[in-house]
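Predicted model, so just to flag it, every value in this text is computed and none were measured.
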2 protein chains.
Amino acid sequence: MPRGRPGAPRSVTIADVAREAGVSRATASRAVNDSDLVTAETKRAVHEAIERTGFVVNARGRALATGRAETVGVLVTEPLDELFDDPTYGRVLRGVAEGLTGSGFLPVIIQASSESERALALRSFGRRSVDAVVHLTPYRGSDLLESLAGTGLPVVLCGQLDDSPYDGIFSTVYSDDVHGARLAAERVLADGRERVAVVLGPADNPATVDRRRGYAEVLGSRLDEARVVHTGWDTAAGLAATARLLKSHPDIDAVLAGSDRIAVGSLAALHAAGRQVPEDVAVVGFDGHAIAATSTPPLTTVAQPLVEEGHVAARLALDMIGGAAPRTEVLEMSLVSRVSA
Amino acid sequence: MPRGRPGAPRSVTIADVAREAGVSRATASRAVNDSDLVTAETKRAVHEAIERTGFVVNARGRALATGRAETVGVLVTEPLDELFDDPTYGRVLRGVAEGLTGSGFLPVIIQASSESERALALRSFGRRSVDAVVHLTPYRGSDLLESLAGTGLPVVLCGQLDDSPYDGIFSTVYSDDVHGARLAAERVLADGRERVAVVLGPADNPATVDRRRGYAEVLGSRLDEARVVHTGWDTAAGLAATARLLKSHPDIDAVLAGSDRIAVGSLAALHAAGRQVPEDVAVVGFDGHAIAATSTPPLTTVAQPLVEEGHVAARLALDMIGGAAPRTEVLEMSLVSRVSA
DNA sequence: CTGTTAGCGCCTTCAA
DNA sequence: TTGAAGGCGCTAACAG
């Protein structure tokens, strides 16, 4: 007969409340859950008993009885401390939290940047400590996704994978990079730019691939491969890459950047090279981060609906918990016009 | 008779394993938990049955039976997007995760930056969805701490409060700011600096108060109040404040900064004003962040043992879960000598 | 509308 | 060393 841990005073259970209110445990439970099978008067009596006893439902007991933990795990595989200069995940996270409010489900963030942390998280998921998993930072090539599928839990992926090997298994939400890139390219084209340079993030990144495709679709033959470069996602990388580009192709009149941080680097490189933005060279960023609004000059950029992505992820998770089949939602990007293009 | 949710196939329980292995549920349970009341042979049989059936313990059932969720909630009241701006929390978080490995407890991060999120988190804690709470960002003046105390859960505070109203209720771990500040002041003093300026963070911050006290203790009458200013924690604030200081007191020969980011701002202001660091002016930062190592020149700084703080927090939490009384641990800061002082 | 009854899945005491 | 039995705290089917 397990007695909680020794020393820990037995806490108030619904049986205590029932006794105190002079009703059965079932009725007390119904009152707690505000069922409308209970008289207003009985409810009042139970609530008074709750007041008097200081009762709080025990999540463990409820979870076992209902088969639900009322919890959504948010899996973050990037190390949180390395993530500090990329606001992307913070925004999506906020969206997930917002999307879950009112549902009775609590988002719990699970950091899983090391192999051992991943194993721990997986084990915990397998044991059904959460009702669904929102994976904020999915990537292929590990067996993490495979293991997640193995848990049988509802899983939502935030972000696009190369192809879609998990259609029908996971739900997915992502922003349409191809479309966003088209918007950027169309803008500089409409502006009469002729010699467009492209400074992208790492070549093996799916977002990079899609953005490049979007640019190419709109620019067509105007896109000279020699003016397309890949670099890191950050400002320093953008600066260096753009500076090099300006050496080899001094005549460029537009830069399509693969991220806002890259774009800010481009701005700096152009400034250093004595080019005026947007008079001599137009610059269009990608992401819609805060830094795009405060750069000099303020950056025209393709905004990803990150918070909305979180909202949708939450909805997908709730739907799957409710028994819905997995599905994929693609969100539209939008062009935010500022000064730089 | 509750049947889980409709549609959800009944999962494998320990009863299935027991049947499959031809033992009782009790024995199967013991084998699962590697009790040494079980023959090696029986264990093997059970594990084979587990293999065959694909059994995974259900956390909900176990939690109800043992009275433990095997989970430590890590409460973050700062908005997470800011968490990404300041590596401090990320480091402590890592420490907590490391400190918990091997304990069987999983850290789950709960974001509670809005009032409603706080309410949700508190409700969840009250329901015993976690076994302990590590509060990463405690501050006075809200009723959050009061409510946390009300849950009766073991709570660990990371960071020092103004006074100690929760001695004997919460455990606390923090780094000794007064001592750290003394180290910084002693350094510039030993260096023969005479006109020391102090650029602190917000005046109402407890860390600020303590750091100021530490500087004052060492500097004594050498600390001219007119050369002490308060500003924000970030680089831009540090730059502006230092620039102003250089206007009113052009003769300063040392800057004690309240954070590394402030110090980096000071470095920029000094550079802009044509001062050499450390020849003309010494600069000492505070925090020991990565930016201190990569600044120009590299920053001498007071390093907080953030990861260790996390380790200790985890230990305190585990101890309290085990029934230990709350206690407070104070960690020593250390001076990291680089070029700037 | 309320009470009775029977578990959810697991662990643990007790007796063998 | 193993099994039988009971209970952790709650909810839900069923009968009244």
Go through it in stages, so that I can follow the logic: the residues are Arg62(A) and Glu70(A), the test is salt bridge (charged side-chain N to carboxylate O under 4.0 Å, His left out), and I'd like the CA-CA distance, side-chain angles, deciding distance and then a yes or no. CA-CA 10 Å; Arg62(A) 171 181 286 186; Glu70(A) 299 183 312; 3.7 Å; yes
Can you confirm whether the side chains of Glu309(B) and Ser175(B) place a donor and an acceptor under 3.5 Å from each other? yes
Nearest nucleotide by nearest heavy atom, which residue falls closer to the 5' end of DNA chain C, Thr27(B) or Gly61(B)? Gly61(B)
For the pair made of CG in Asp36(A) and P in dT2(C), what is the distance, rounded to whole Å? 12 Å
Backbone of Arg118(A) reached by a side-chain donor or acceptor of Arg123(A) within 3.5 Å: no
Main-chain N/O of Thr13(A) paired with Asp16(A) side-chain donor or acceptor, under 3.5 Å: yes
side-chain N/O Thr13(B) vs dG9(C) OP1/OP2, d < 4.0 Å: no
Judged by nearest nucleotide, the residue sitting upstream toward the 5' end of DNA chain D, Arg25(B) or Gly22(B), is Gly22(B)
Glu308(B) side chain vs Pro305(B) backbone, donor-acceptor pair below 3.5 Å: no
Of all the nucleotides listed (dC10(C), dG9(C), dA4(D)), which has the minimum atom distance to the side chain of Ser11(B)? dG9(C)
Atom-to-atom span, CD1 of Ile50(A) to P of dG9(D) - whole angstrom: 16 Å
Scan Val32(A) against the nucleic acid and name what it touches under 4.0 Å (heavy atoms): base, sugar-phosphate only, or nothing. nothing
Side-chain donor-acceptor contact under 3.5 Å, Ser129(B) with Ser124(B): yes
Rounded to whole Å, how long is the line connecting atom CZ of Arg62(A) with atom C1' of dG9(C)? 18 Å
When you measure from the side chain of Asn58(B) to the backbone N and O of Arg60(B), does any donor-acceptor pair fall under 3.5 Å? yes
For dC8(D), does OP1 or OP2 lie under 4.0 Å from any side-chain N or O of Asn58(A)? no
Distance alone, cut at 3.5 Å: any donor-acceptor contact between the side chains of Thr39(B) and Arg44(B)? no
Between atom CD1 in Ile14(A) and atom P in dC10(D), what is the gap in whole Å? 6 Å
What is the distance, rounded to the nearest whole Å, between atom CG of Asp16(B) and atom P of dC8(C)? 11 Å
Members of residues 37-46 of chain A that approach DNA chain C, where some heavy atom sits under 4.0 Å away: Leu37(A), Val38(A), Thr39(A), Thr42(A)
Main-chain N/O of Val72(A) paired to Asp131(A) side chain as donor or acceptor, under 3.5 Å: no
Measure the distance from CG on Leu64(B) to P on dC10(D) and round it to the nearest whole Å. 9 Å
Does the Lys43(B) side chain pair with the main chain of Ser35(B), one donor and one acceptor, at a distance under 3.5 Å? yes
Flag for Ser113(A)-Arg94(B): side-chain donor and acceptor within less than 3.5 Å: yes
Using a 3.5 Å distance criterion without hydrogens, assess whether the side chain of Thr77(B) forms a donor-acceptor pair with backbone atoms of Ala112(B). no
Quickly work out the Arg19(B) CZ to dC10(C) P distance and round it to whole Å. 12 Å
Under 3.5 Å, which protein N or O atoms sit close to an N or O of nucleotides 14-16 of chain C? Give each pair with its distance.
none

Could you give the CD-to-C1' distance, from Glu70(B) to dC10(C), as a whole number of Å? 12 Å
Axis-to-axis angle between the two ends of the helix from dC1(C)-dG16(D) to dA16(C)-dT1(D) (five base pairs per end, rounded to 10 degrees): 40°
